[in-house]
Undergrad: 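Structure in structure tokens, see below.
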Amino acid sequence: MTQPTTANAASRGFLTEGGKYPGLLGWIFSTDHKRIGLLYMYSVLAFFLVGVTLGVIIRLELIAPGETIVSAQTYNALFTVHGVIMIFLFIIPGFPAIFGNLFLPIHIGANDVAFPRLNLFSWWLYMAAAALILISLFTGGGPPDTGWTFYVPFSAQTTTNVPLAAFGAFVLGFSSILTGINFVTTVHRLRAPGVYWGRLTLFVWSLYATAWVQILATPMLAITLVLLILERLLGAGLFDPGSGGDPIMFQHLFWIYSHPAVYIMVLPAMGIVSDIIPVFARKPVFGYWAIAFSSIGIASAGSLVWGHHMFVSGMSDMAILVFSLLTFIVAIPSAVKVFNWVATLYKGSISLDPPMLFALTFIFLFSIGGLTGLILGSAATDVHVHDTNFVVGHFHYVMFGGTGFAFFGAMHYWFPKIYGRMYHKKVATLAWGIMFTGFNILYFSMMILGLRGMPRRYYDYLPEYTDLNRVATVGSWILVAGLLLMFVNLIRGARHGAEAGGNPWGGLTLEWTLPSPPPAENFATIPVVDHGPYDYDRVSPPHE
Amino acid sequence: MNEPSHAVVSYRIFIAVWLLLLALTAVTVAVSRVHLGALNIWAALGIASLKSALVIFFFMHLKYEQRIFKIFLLITLVTLALFIGLTFFDVLYR
């Protein structure tokens, strides 16, 4: 270290100290897991705001039938880029790369991840891939218009810049794999004395399960996208029946990754909800092992259900039966979690601070998303609602209502730890209320529209769908108003908020034993842990 | 944590494995000239798996590593087999 550490006693932990270089270079070349976590947070949130903007434009186009503000081709590009950004640049790296990096090492009593340089490299890969995807919008034949799924034969024929966008997603996959390898190794090798498997936080358990999915499933995406690029550039004929290929094989390959990917998105969200609820209910978590193993169960079973995206694609009836059955099996570990969270709340001393409100919202919205998923998982009903707005409503309930709200919950939960300051709690609660209202108006309308037969990905619709589309568009404005209020409140809190202290929520996990923000090297001496992360029945929280 | 000590493997074993790999390559070529129907693909895949196992266990030292690495490899292979296997519910019954 080149800078004196004793000069400013009021230093703000890792935010100001550490790093070989001053200023911005000290961040983009830092191998500190917390700085890398924040690098990811700022870049991921920037793309999130771009994705939100595209989403709002999509909704604005749908405010009335016919062409209103964008042409059909622009609309195709809009929903494609909205999907690619939200899936690949926001929600997949969202939890593992941001909060996993920030808190996984601290939760297990380590000073960093197992491979800090690889960790930094994965952020650089992420940024390089993001640049590729952005370049693909303005070069070649313009932004891709295939939908984020890149289905052949259209993706092999369209004149838009599919190869570059696909290559961007390919590079992003490597970033994700490297994070996964880092986390599996860290959990196995760097646990502090006393942190045995039964004392891992449930957030770490969920990240561990997620990391395995990242390692095992992501290479499938890489292979698929390379094959697609070969198909386009060399005319390989892999997916072209005329040359002996098989277009359905593309869908298999694509969903072998992309279905497990939704568990990369939602598992860590479940992990943070499992961590928030005991803190704000002041109770030991109910069914620790059931929740921990349900994460592994979801990761394993969830990797084998990809075929339920293909019920109407011309796949064999036998495969439809098998994948439908497997899909129902995933509902079991998911429900195990929901019941255990509710049982943890039972007779707890509940305080409804903002992180808890977001966690409870996760349970509510995720349950709606999960149960509507069963309508799609049974082949008979899926045939009717396939490719309608119902599907769009369903996955926004799971991904935004579930993972998105848990993400905001994690931001509000760890905010005082990361910045050492507290946001305005009443404003945060107000923002939560506005978002919750807008969210349901927006996406519930879409589910009804879907049941009434409105297809997804159409920029025009029949007059009878006008009313609900208007309602949904107004819902999107309310949702965005809540989002803006939340971000303004958080940014103000980071700059001017009151000092938060070491443990504002009374948490028992290891990050709350550190000062806020944590020092550059987390623990001066590696801690020896003598209690579990949720032992509220026998330990009182530190610094309270 | 202590660095795991590296096992010293004799040249004799390496050469034996190498010769075995060459022999298996010859078997692969030989089997491909016999018409066994669907069994041809199983024979080719079986020999290829055996050869990969030899490389991984001896040349890449997995044999001398801790058990956890062997378990990790097994998980990976089982996952790949399941991915391929489940796809056959579509391909075989179309």
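What you see below is based on every heavy atom in this structure, not just the backbone, and it leaves out hydrogens, waters and symmetry mates.
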Undergrad: How long is the span from the CG atom in B/Leu80 to the CD1 atom in A/Ile256, to the nearest 0.5 Å?
TA: 9.0 Å
Undergrad: So with a 6.0 Å cut-off around CZ of B/Phe59, is the heavy-atom count from everything else above 12?
TA: yes
Undergrad: Counting only heavy atoms closer than 4.5 Å, note whether A/Leu326 contacts chain B via side chain, backbone, both or neither.
TA: side chain
Undergrad: Report yes if some heavy atom in the side chain of A/Gln251 is under 4.5 Å from a heavy atom in the side chain of B/Asp90; otherwise report no.
TA: no
Undergrad: Check whether any side-chain heavy atom of A/Trp212 lies under 4.5 Å from a side-chain heavy atom of B/Thr79, and answer yes or no.
TA: no
Undergrad: Counting heavy atoms not belonging to B/Lys70, are there more than 12 under 6.0 Å from its NZ?
TA: yes
Undergrad: Heavy-atom pairs under 4.5 Å with chain A are the metric here; pick the option from B/Leu92, B/Leu82, B/Thr87 that has the most.
TA: B/Thr87
Undergrad: For B/Ile68, which atoms come within 4.5 Å of any heavy atom of chain A: side chain, backbone, both, or neither?
TA: side chain
Undergrad: Side-chain contact, heavy-atom cut-off 4.5 Å: B/Leu86 with A/Phe323?
TA: yes
Undergrad: Restricting to non-hydrogen atoms, name the atom on A/Leu216 and the atom on B/Phe83 that form the minimum distance, rounded to 0.1 Å.
TA: O-CE1, 4.0 Å
Undergrad: Should the heavy atoms of other residues, nucleotides or ligands under 6.0 Å from CD1 of B/Ile41 be counted, would the total exceed 12?
TA: no
Undergrad: Check whether any side-chain heavy atom of B/Val91 lies under 4.5 Å from a side-chain heavy atom of A/His252, and answer yes or no.
TA: no
Undergrad: Within a 6.0 Å radius of atom CH2 on A/Trp197, are there more than 12 heavy atoms belonging to other residues, nucleotides or ligands?
TA: yes
Undergrad: Is it true that atom CZ of A/Phe328 has more than 12 heavy atoms of other residues, nucleotides or ligands lying nearer than 6.0 Å?
TA: yes
Undergrad: Tell me whether B/Trp42 at atom CH2 has more than 12 heavy atoms from other residues, nucleotides or ligands lying less than 6.0 Å away.
TA: no
Undergrad: Need one label for B/Thr76: side chain, backbone, both or neither, based on atoms under 4.5 Å from any heavy atom in chain A.
TA: both
Undergrad: Could you walk me through whether B/Phe72 and A/Val184 pass the side-chain contact (heavy atoms from CB on, under 4.5 Å) check?
TA: CA-CA 11 Å; B/Phe72 280 6; A/Val184 167; 4.1 Å; yes
